[in-house]
Structures are given as structure tokens and as C-alpha cells.
Amino acid sequence: MKVAITGATGFVGTRLVEKLQEQEYDIIVLTSNLARATQIFPTSAFPRVKIVSYLPKEYRGTEIAQCQAVVNLAGQPIADRWTEQYKQEILSSRQLVTSNLVKSIGEANPKPQVLINASAIGYYGTSETASFNESSPPGDDFLAQVCQTWETEAKKVQEFGVRLVILRIGIVLGNGGGALAKMISPFKMFAGGPIGTGRQWFSWIHRDDLVNLIITGIERSELNGTYNATAPHPVRMQEFCRTLGEVMGRPSWLPVPGVALELLLGEGAKLVLEGQQVLPKETQAIAFTYQYPHLKEALTEILK
């Protein structure tokens, strides 16, 4: 099987490419930065990878017609300060990329069988008390609106008879990047602790589980619709930091005040300070097997 991937050079995408190559897929990496992609995926180590240059907001490509599946992971990171200009970039990097990708799928002959499209648990908004699953209504804050727009563009692929799997992704934990790389620095200096009140929910997933869920979406033709890409056991921030300190052999006693995060991230700090409890009801209903359903075993594997 041949798979085209946007966002392949990111934290999740690089691991996805590695895993697909291990399983003898052929991979087309659609990238706006050829030099970076070539450095990450050298031919000597990735003989099954073909790197194709494209402009994410303008792309029309014939390569998609060669693929049985397309995985769309593209989008500007949300863990930066949200100026009004950057908020527009967060939105457009998802809306326009997905819109043009869907148009390319519509023009392809033959068409791919499936589009796996990323979304985020930000779809549900934030809450300290509510619990969300795939049937919960959307929130009304900025990121919830971005996710709704993102998913609306992806759903247009169904007009072409292409199967669609939307994954609402939680906080991805893995080695060498993502949220965890930023969070462990204070712990290394014996200055770690919960962010804000510590009561907010932290809905997470191990990167390998997310990658396996993407591949499951490609391979199981009966899967259709929206699935939460989160571990079945979310935790509150206080428990997350306590477990992280325990695994690292470091204390977890020095709270990070919310105002410090607000100064760093502005409006984007709301996601971390308020959080949300997201349960993978539909993901568990398809009998997806998590390698790391519990936080301690996930962190132990990552930090070994």
C-alpha cells in the first residue's frame, strides 16, 4: 500500500513514517521544506520514502492518484503565543491545507480509499468538571472553532466516495519532542510541579499509540467517522506532574503559577490552565489495543 502524508516531518509524522516503512508501506512525503525532509528521511535509511515538494495552501498533485491512503497532519503548532496574526495562521494552516488536499483527492483518478485527518480535543472546549466523548457537542472558544472548520473541510472528501477517519488528538507524549520535552526541563532542575491549580484535566496519548491508531484507520476499511485519540485514563495535572516526578526521581512540589504561563502563551495558556477530560469511547468500541493505557507505564517507556 502507498500512503501520502502531510506534516510528515513533525513530531507525530516522523514516527508514523518510521512505522509505515517497518511495515513495508511505500510513503510519499508532501513537504514545503525539501531540505528538512531530505535530512530527516535520507534515502539510505528510508528507501521506501519519496519526498515531493508542495505548497500546502496551493497544492494540486498527481501523486495522490498513486496512493491508497492520505494522512493529513499539517498545521501550525498551537503551543506558541497567540497573537491575532498567529491565530489566523493556526486557522488557515488547517483550513486551506485540508481544503486543497480534499480538492486534490477529488481530482485524482483513481482516488485514494481513505483520508485520515487530524483534529484536536480542543474541539470540545475546556472544563474542570465535564467529561467529553466523540458525541459531545463542540465548545465555543477559538480552538473549538478552528477544529470545527478543520473537520468541515475534511468531511467534503466524502462527496467523492472516499472513507474518512477524523482523529481528535490529545496531548501527545513521546521521546524527544512535543509537550513532554518542554515540561521535563524544570523537573531536571528539581523545580518541577503542577501548572496552575493542578486540578485541570490532562488528556494524553503515547505517540506510538497515536501512530498505531492512524495505521488502524488506514487498514480497517469498516472504520468511518470520528475517534478520540486519547488514552483511556486521563489524569489531572497534579497527578501528571506527581507521576512525572516519580518516574524521573525528582520532586514535584513547586507549582508554576498560571500568570507565568499566560505571559508566555497569552490566550493559548487557557488550554493548559483549564484542560478537558476526554474519553475515547468510540476508539475503545472498535477494540483498539493501547500499548500504554496508563500514564506511569507510558512515561516509564518514554524516559527509560
Side-chain angles (χ1 to χ4, degrees), residues 5 7-25 27 36 39-42 44-46 48-49 71 73 77 79 118 120-121 167 169-195 198 200-217 228-256 272 275 277-280 283-284 287-304:
I5 305 174
T9 59
F11 181 56
V12 175
T14 50
R15 182 67 183 120
L16 176 62
V17 171
E18 290 172 1
K19 194 70 178 287
L20 288 173
Q21 178 166 267
E22 288 172 9
Q23 297 185 12
E24 298 188 344
Y25 281 76
I27 304 125
R36 183 165 185 262
Q39 184 178 29
I40 293 172
F41 305 118
S44 57
F46 293 91
R48 304 190 77 96
V49 172
V71 179
L73 301 174
I121 59 172
L167 299 179
I169 300 171
I171 300 167
V172 182
L173 303 181
N175 186 31
L180 189 60
K182 298 179 180 180
M183 297 182 77
I184 62 176
S185 295
F187 283 87
K188 288 180 178 179
M189 296 182 289
F190 293 84
I195 297 169
Q200 68 272 40
W201 284 100
F202 190 89
S203 296
W204 61 277
I205 187 169
H206 191 291
R207 180 172 58 167
D208 284 351
D209 279 332
L210 174 55
V211 165
N212 288 337
L213 184 56
I214 292 169
I215 296 173
T216 298
N228 285 335
T230 56
H233 303 289
V235 296
R236 293 193 186 268
M237 177 64 74
Q238 192 168 24
E239 182 182 347
F240 173 82
C241 291
R242 179 186 58 76
T243 306
L244 178 59
E246 182 181 335
V247 171
M248 292 183 66
R250 298 288 193 274
S252 175
W253 59 273
L254 191 63
V256 178
V272 179
Q277 182 186 25
V278 178
L279 302 175
T283 307
Q284 290 184 292
F288 175 74
T289 302
Y290 288 88
Q291 286 183 271
Y292 306 101
H294 297 281
L295 180 64
K296 186 172 182 179
E297 61 195 14
L299 291 176
T300 299
E301 190 281 330
I302 293 165
L303 299 171
K304 63 186 177 184

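The analysis underlying the following values was restricted to heavy atoms, covering all of them including side chains, and did not include hydrogens, waters or symmetry mates.
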Could you give the distance from CG (N175) to NZ (K304), rounded to the nearest 0.5 Å? 9.0 Å
Inter-residue atom distance L244.CG - M183.CE, 0.5 Å rounding: 7.0 Å
Taking NZ, NE, NH1 and NH2 as the nitrogens, is one of them in R15 or E18 under 4.0 Å from a carboxylate oxygen of the other? yes
Quick one: are W201 and V278 in side-chain contact, heavy atoms under 4.5 Å? no
Report the C-alpha distance between T9 and F41 in whole Å, list the side-chain angles of each, state the deciding distance to 0.1 Å, and finish with yes or no for side-chain contact (heavy atoms from CB on, under 4.5 Å). CA-CA 9 Å; T9 59; F41 305 118; 4.0 Å; yes
Where is the tightest heavy-atom contact between K19 and N212, given as atom of each residue plus distance? NZ-OD1, 2.5 Å
How about V235 and T243: do any of their side-chain heavy atoms sit closer than 4.5 Å? no
Is atom NZ of K296 surrounded by more than 12 heavy atoms (other residues, nucleotides or ligands) closer than 6.0 Å? no
Rounded to the nearest 0.5 Å, what separation is found between the OG1 atom of T300 and the CE atom of M248? 12.0 Å
Can you confirm whether more than 12 heavy atoms, excluding those of Q39, are under 6.0 Å from its CD atom? no
Got a donor-acceptor contact below 3.5 angstrom from the R48 side chain to the Y25 backbone? yes
Could you tell me which non-hydrogen atom of L303 sits nearest to which non-hydrogen atom of L180, and how far apart they are? CD2-CD2, 4.5 Å
Closest heavy-atom pair and its distance - G193, C241: O-SG, 3.4 Å
Within the distance-only criterion (no hydrogens, no angle test), does the side chain of E239 pair as donor or acceptor with the backbone N or O of M237 below 3.5 angstrom? no
Identify, with sequence neighbours excluded, every residue that meets ring pair (Phe, Tyr, Trp, His ring centres under 6.0 Å) alongside Y292. H206
Side-chain touch L20/I5, heavy atoms, less than 4.5 angstrom: yes
If you look at every heavy atom in T230 and P280, which pair is closest and at what distance? O-CG, 3.4 Å
Tell me, do L173 and F240 make a side-chain contact under 4.5 Å, heavy atoms counted? yes
May I ask you to decide if A45's main-chain N or O and Q21's side chain share a donor-acceptor pair within less than 3.5 Å? yes
Could you pull out the closest heavy-atom pair between W204 and L295, with the gap in Å? CZ2-N, 3.3 Å
Would you name the heavy atoms of E297 and P293 that are closest together and state the gap between them? OE2-CD, 2.7 Å
I'd like to know if the side chain of Y290 reaches the main chain of I205, judged simply by a donor and an acceptor atom lying under 3.5 Å from each other, with no hydrogens or angles considered. no
Go through N228 and L279 one step at a time and tell me if the side-chain contact (heavy atoms from CB on, under 4.5 Å) criterion holds. CA-CA 7 Å; N228 285 335; L279 302 175; 5.8 Å; no
Got I302 and R207 here, is their nearest side-chain heavy-atom distance under 4.5 Å? no
Taken in chain and number order and not counting sequence neighbours, the residues that satisfy ring pair (Phe, Tyr, Trp, His ring centres under 6.0 Å) with F11 are none
Please determine which of L73, T283, V71, I214 meets the side-chain contact (heavy atoms from CB on, under 4.5 Å) test together with L167. I214
Around atom CD of Q277, are there more than 12 heavy atoms from other residues, nucleotides or ligands closer than 6.0 Å? yes
